[in-house]
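Here the structure comes first, spelled out in structure tokens, and everything after it is commentary.
Every chain is numbered from 1 and lettered A, B, ... according to where its sequence line falls, protein lines coming before strand lines.
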Protein chains: 2
Amino acid sequence: MTTGDERTWTIAEVAEDYDVTLRTIRHYEDVGLLSPERRGTARVFRKRDRVRLGLILRGRRLGFSLDEISTIVNMYDEQPGEAGQLHYLIEQIDVRRRDLEQRRRDLDETLADLADVERRCHEDLARLDGAASGAAGGRADGPAPRRRP
Amino acid sequence: MTTGDERTWTIAEVAEDYDVTLRTIRHYEDVGLLSPERRGTARVFRKRDRVRLGLILRGRRLGFSLDEISTIVNMYDEQPGEAGQLHYLIEQIDVRRRDLEQRRRDLDETLADLADVERRCHEDLARLDGAASGAAGGRADGPAPRRRP
DNA sequence: CCTTACGTTTACGTAAGCGTAAAGCAGTCG
DNA sequence: CGACTGCTTTACGCTTACGTAAACGTAAGG
């Protein structure tokens, strides 16, 4: 019954909630990723739009292009349609899955590498601590402005 | 011992092996991600350079910017240095790790969503198969002006 | 010597993903 | 009746990550 009067949001509220700029939201609309209703000229966001934005941002965090994100989020609200279409969609899902699984492998390898680097850091620190008896003051904690050459 | 005469590669060979263009490799050198030796003007790639390129491409697959990749891969061959520097590095590693862990959450959620969509696809297919005896040709589907080309 | 194959540099082009004015409606508060 | 406030559109600008010529060097082979 109350399907017509759910809560709505303004663009500013959505932007605030999802920590993006108004420009970003409008851009997503420009490229067809979002299509909020209009009350006059103003955009009116409903729950669905927020969910979609959430999916978009998740895709963005994963490093997908807006184009890829577009194909992905559109998978979600694909109508049943005909069989060929469903087969095609399943195929596309498989492609995406393979991609994501490759990413997870990359990600886990990177995490392992980082853990390794960190371990070596701690070893080096221990070595420094052990040999630190000569220096005045054990704290030796400079601001360390040093970075890339 | 034989530390000076390891195998080397040309830019074309590396590009072929890693499936990137020459331009890409040169670009990575431009931005300081790679720094192969030179024999005259020609680039000479050693094993280390290839490993580095591997790391770069892994970062790229993960959706990192070249700038981020730069800080990440440079972590790997950071010299022991002083304590403050090591602490800084450990801190940076932690930042990266948090990022990667967020990505993995995003990734797993996306995979779960895709699995869900796929499941619904199969359900729809089953439904279509079941109801396929009625209409001639099985295509009783009027509306729903369709999607992908 | 000339071609072919491979390498080089310099430099402009481009697509994506927004940033950032500039300028204009629409409601509302005093 | 202004003056805000918050929204809108239009449109040029910027960065990243390369693509894409253009023009030239160098070594091998016919």
Side-chain angles (χ1 to χ4, degrees), chain A residues 7-46 49-50 52-74 96 99 103 106 110 148, chain B residues 7-46 49-50 52-74 96 99 103 106:
Chain A
R7 160 128 202 230
T8 63
W9 291 264
T10 71
I11 188 174
E13 290 168 335
V14 175
E16 162 94 41
D17 292 349
Y18 286 83
D19 195 32
V20 292
T21 67
L22 307 187
R23 181 67 180 89
T24 297
I25 294 182
R26 294 192 185 115
H27 181 64
Y28 291 163
E29 183 175 359
D30 282 349
V31 298
L33 275 172
L34 291 176
S35 35
E37 290 170 37
R38 297 298 182 115
R39 193 122 58 208
T41 77
R43 292 168 177 84
V44 176
F45 293 81
R46 302 175 110 80
D49 302 308
R50 291 173 63 102
R52 248 182 112 83
L53 179 56
L55 292 176
I56 295 167
L57 296 180
R58 196 176 69 187
R60 197 176 69 168
R61 285 196 301 274
L62 285 173
F64 287 115
S65 74
L66 294 190
D67 240 53
E68 293 174 300
I69 291 175
S70 181
T71 72
I72 294 176
V73 299
N74 282 328
R96 281 292 137 217
D99 182 2
R103 273 167 198 254
D106 288 333
T110 305
R148 310 257 57 262
Chain B
R7 158 126 205 231
T8 62
W9 290 264
T10 70
I11 187 173
E13 290 169 334
V14 175
E16 161 95 41
D17 292 349
Y18 286 82
D19 194 32
V20 292
T21 67
L22 306 188
R23 179 67 180 89
T24 297
I25 293 182
R26 294 191 186 117
H27 181 64
Y28 291 164
E29 182 174 0
D30 281 351
V31 299
L33 275 172
L34 291 176
S35 34
E37 291 169 36
R38 297 297 183 117
R39 195 121 61 208
T41 77
R43 294 169 176 82
V44 176
F45 293 81
R46 302 175 110 82
D49 302 307
R50 291 173 63 102
R52 248 182 112 84
L53 179 55
L55 292 176
I56 295 168
L57 295 179
R58 196 176 68 188
R60 195 176 70 167
R61 284 196 301 273
L62 286 172
F64 287 115
S65 73
L66 293 190
D67 239 54
E68 293 175 299
I69 291 176
S70 181
T71 72
I72 295 176
V73 300
N74 283 326
R96 279 294 136 217
D99 183 2
R103 273 166 196 256
D106 287 333

For [X] and [N], what is the distance between atoms [atom1] and [atom2] respectively, to the nearest whole Å?
X: B/Glu29; N: D/dA17; atom1: CD; atom2: C1'; answer: 16 Å
X: A/Arg39; N: D/dG6; atom1: CZ; atom2: P; answer: 18 Å
X: B/Arg26; N: C/dT10; atom1: CZ; atom2: C1'; answer: 12 Å
X: B/Arg61; N: D/dA17; atom1: CZ; atom2: C1'; answer: 17 Å
X: B/Ile69; N: D/dT16; atom1: CD1; atom2: C1'; answer: 12 Å
X: A/Arg38; N: D/dC7; atom1: CZ; atom2: P; answer: 13 Å
X: B/Glu68; N: D/dA17; atom1: CD; atom2: C1'; answer: 14 Å

By nearest nucleotide on DNA chain C, pick out whichever of B/Glu13 and B/Asp30 is the more 5' one.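 Result: B/Glu13.
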Tell me if a side-chain donor or acceptor on B/Asp49 pairs with a main-chain N or O of B/Arg46 at a distance below 3.5 Å.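 The answer is yes, because a donor-acceptor pair under 3.5 Å joins these two groups.
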For [X], does the [atom1] atom have more than 12 heavy-atom neighbours from other residues, nucleotides or ligands under 6.0 Å away?
X: A/Glu13; atom1: CD; answer: yes
X: A/Asp30; atom1: CG; answer: yes
X: B/Arg39; atom1: CZ; answer: no

Can you find a pair of side-chain heavy atoms, one from B/Phe45 and one from B/Leu53, that are under 4.5 Å apart?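 When only atoms from C-beta onward are counted, B/Leu53 and B/Phe45 do not touch, as no gap falls below 4.5 Å.
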Are side-chain heavy atoms of A/Tyr18 and A/Ile25 found at a separation under 4.5 Å?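 No, side chains not in contact.
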Salt bridge or not between A/Asp17 and A/Arg50? Use side-chain N to carboxylate O under 4.0 Å.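 Judged by the 4.0 Å cut-off on N to carboxylate O distance, A/Asp17 and A/Arg50 do form a salt bridge.
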Protein proximity profile, nucleotides 13-29 of chain C - base contact B, sugar-phosphate-only contact S, no contact -, cut-off 4.0 Å on heavy atoms: ----BBBB---------
If pairs are Watson-Crick or G-U with both distances under 3.5 Å, what is the dot-bracket string of DNA chain D, marking crossing pairs with [ ] and pairs to another strand with |? ||||||||||||||||||||||||||||||
Smallest separation among heavy atoms of A/Arg52 and A/Leu33, with atom names: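 Minimum heavy-atom contact is NE-O, 2.9 Å.
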What does B/Arg43 touch in the nucleic acid at a heavy-atom separation under 4.0 angstrom: a base, only the sugar-phosphate, or nothing?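 If one applies the 4.0 Å heavy-atom cut-off, B/Arg43 turns out to touch the sugar-phosphate alone, with no base involved.
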If you apply the rule salt bridge (charged side-chain N to carboxylate O under 4.0 Å, His left out), what do you find for B/Arg103 with B/Asp106, and how did you get there? CA-CA 5 Å; B/Arg103 273 166 196 256; B/Asp106 287 333; over 6 Å; no
